[in-house]
Amino acid sequence: MTYCVGMLLDAGLVCLSDSRTNAGVDHINTFRKMNVFERTGERVLVLMSAGNLAVTQTLVSLLRERLTTDGPNLHTVANLFEAARHVGDCLREVYARDADALQEFGIEFNASFILGGQILGEVPRLFQIYSAGNFIEATRDTPYFQIGEAKYGKPIIDRVIRPETLLDDAAKCALISMDSTIRSNLSVGLPLDLLVLRRDGLKVCSSLRIDSDNAYFEMIRSRWGESLREAFHALPSPDWIPG
């Protein structure tokens, strides 16, 4: 299991992913779930993945292999819609090759992706891509996507994130969302990868690997918990329960 979130804002994009994979409580490893495809000044695309690690790694390897061919690839597609379609097409290729073999061993072909970024000539865009290769695009009504273990980190995002949210506030919200998930699900864990793209910058604005020694994240974890407890105790108790 993993947790990734991508936020599409007027000011740009914020992307956050964890790096834990597990095949049971005694087999836990760390693998990066965020991949960047960048040509500074022309385009920058971020792909985050969740699901079967063998499937997602094969997909990323295929996408990088296609960068050296004459056909469509993430360095040549005209826009983000075509980029999402290219990822979906490559995912279908992986499915055609591996799905039957996986099924023979009782393994589900399970993979999902968040693709975001900006290509020169258009605004930043954000897509969620499903196992079947189909996808949807974020809108102003729904300016974020989550994949993996999404339920624990969703409430804070729903309450805070709007298209006009500033990038630093969105990054803070993403980290609180991740902390809520880590506290509630042992299959999600450090280190984290945080990436920020500023609108029209056409390059990675900020990229950070967050581990247990990161002072800011530790402060977020501590103060958010304290703030929740203070807010809870500040609420009036129900008056229909006898004292």
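Here the structure is a predicted model, which means the values were calculated and not measured.
- Residue pairs meeting the ring pair (Phe, Tyr, Trp, His ring centres under 6.0 Å) criterion with at least one member in residues 126-151, sequence neighbours excluded: Phe81-Phe135, Phe127-Phe135.
- Summarising the geometry, atom OG belonging to Ser206 is positioned 9.0 Å from atom CZ belonging to Arg198; distances are rounded to the nearest 0.5 Å.
- No chain of hydrophobic side-chain contacts below 4.5 Å, direct or via other Ile, Leu, Val, Met, Phe, Trp or Tyr residues, connects Leu190 to Tyr152.
- With sequence neighbours left out, the salt bridge (Lys or Arg N to Asp or Glu O under 4.0 Å) criterion links Asp158 to Lys154.
- Using a 4.5 Å heavy-atom threshold, the side chains of Leu192 and Ser17 count as separate.
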**Message:** Between Ser19 and Thr30, is the side chain to side chain contact (heavy atoms under 4.5 Å, CB included) condition met? List the steps.
**Reply:** CA-CA 5 Å; Ser19 60; Thr30 298; 3.3 Å; yes

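- Residues that satisfy the ring pair (Phe, Tyr, Trp, His ring centres under 6.0 Å) test with Tyr95, not counting sequence neighbours, are Phe109.
- Side-chain contact between Cys90 and Leu62 is present, with at least one heavy-atom pair separated by less than 4.5 Å.
- With sequence neighbours left out, the salt bridge (Lys or Arg N to Asp or Glu O under 4.0 Å) criterion links Asp89 to Arg92.
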Taking distance alone, no hydrogens or angles, what donor-acceptor pairs closer than 3.5 Å link side-chain atoms of residues 97-106 to residues at least two apart or in another chain?
none

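- Partners of Arg209 according to the salt bridge (Lys or Arg N to Asp or Glu O under 4.0 Å) rule, which considers only residues two or more places apart in sequence or in another chain, are Asp193.
- Ser227 places a side-chain N or O within 3.5 Å of a backbone atom of Arg223 that can act as its donor or acceptor partner.
- For the residue pair Ile114 and Leu126, the shortest heavy atom distance occurs at CG2-CD1, 3.6 Å.
- Counting all heavy atoms, side chain and backbone alike, Leu67 lies closest to Asn73 at CD2-OD1, 3.7 Å.
- Among pairs with a residue in residues 173-189, those fulfilling salt bridge (Lys or Arg N to Asp or Glu O under 4.0 Å) read Asp179-Arg183, Asp179-Arg221, at least two apart in sequence or across chains.
- Using a distance-only test at 3.5 Å, with no hydrogens or angles considered, a donor-acceptor pair links the side chain of Gln118 to the main chain of Asp200.
- Taking every heavy atom of both residues into account, Ile161 and Pro143 meet most closely at CG2-CG, 4.2 Å.
- Rounding to the nearest 0.5 Å gives a distance of 10.5 Å between NE2 of His86 and CD1 of Ile129.
- Here the side chains of Leu202 and Ile119 are not in contact, with every heavy-atom distance at 4.5 Å or above.
- Partners of Asp211 under the side chain to side chain donor-acceptor pair (under 3.5 Å) rule, at least two apart in sequence or in another chain, do not exist in this structure.
- Val14 and Ala174 make their closest contact through CG1-CB, 4.4 Å (heavy atoms, listed as atom of the first residue, atom of the second, distance).
- One hydrophobic cluster holds both Leu194 and Met178 under the rule that ILVMFWY side chains link at heavy-atom gaps under 4.5 Å.
- The side chain to side chain contact (heavy atoms under 4.5 Å, CB included) test applied to Glu164 returns Asp10, Arg140, Arg162, not counting sequence neighbours.
- For Tyr3 and Ser187, the side-chain atoms include no donor-acceptor pair closer than 3.5 Å.
- Applying the side chain to side chain donor-acceptor pair (under 3.5 Å) test to Glu122 and every residue at least two apart in sequence or in another chain returns Arg125.
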**Message:** If you apply the rule side chain to side chain contact (heavy atoms under 4.5 Å, CB included), what do you find for Ser180 with Trp224, and how did you get there?
**Reply:** CA-CA 10 Å; Ser180 299; Trp224 178 246; 4.2 Å; yes

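- The neighbour count for Arg64 CZ, taken as heavy atoms of other residues, nucleotides or ligands under 6.0 Å away, is above 12.
- Nearest heavy atoms, Ile157 versus Ser177: CD1-OG, 3.5 Å.
- The side chain to side chain contact (heavy atoms under 4.5 Å, CB included) check on Ile220 picks up Lys172, Ile176, Tyr216, with sequence neighbours excluded.
- To the nearest 0.5 Å, atoms CG (Asp18) and CD1 (Ile210) are separated by 12.0 Å.
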Using a 3.5 Å cut-off and no angle test, enumerate the donor-acceptor pairs between side-chain atoms of residues 34-55 and protein atoms at least two apart in sequence or in another chain.
residue	atom	partner	partner atom	Å
Glu38	OE2	Thr40	OG1	3.4
Glu38	OE2	Val204	N	3.1
Arg39	NH1	His75	O	3.1
Arg43	NH1	Leu74	O	3.2
Arg43	NH1	Val77	O	2.8
Arg43	NH2	Val77	O	3.1
Asn52	OD1	Ala54	N	3.0
Asn52	OD1	Val55	N	3.1

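- Nearest approach of Ala170 to Thr165, heavy atoms of both residues: N-CG2, 3.9 Å.
- Under the 4.5 Å side-chain heavy-atom criterion for grouping Ile, Leu, Val, Met, Phe, Trp and Tyr, Leu80 is not connected to Leu8 through any hydrophobic cluster.
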**Derivation and outcome, side chain to side chain contact (heavy atoms under 4.5 Å, CB included), residues Ile156 and Cys173** = CA-CA 7 Å; Ile156 178 63; Cys173 181; 4.0 Å; yes

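- Side-chain heavy atoms closer than 4.5 Å link hydrophobic residues (I, L, V, M, F, W, Y) into clusters, and following such links, even through other members, never connects Val123 to Leu120.
- Residues Leu175 and Ile182 share a single hydrophobic cluster, defined by chaining ILVMFWY side chains whose heavy atoms lie under 4.5 Å apart.
- Atom-to-atom distance recorded for Glu149:CD and Arg20:CZ is 13.0 Å, nearest 0.5 angstrom.
- Between the CD atom of Glu137 and the OG1 atom of Thr142 there is a distance of 11.5 Å, given to the nearest 0.5 Å.
- Here Ser61 contributes atom OG and Leu59 contributes atom CG; the two are 9.0 Å apart, rounded to the nearest 0.5 Å.
- Salt bridge annotation for Arg85-Glu82: present, with a cationic side-chain nitrogen under 4.0 angstrom from a carboxylate oxygen.
- The shortest side-chain heavy-atom distance between Lys33 and Cys4 falls under the 4.5 Å cut-off.
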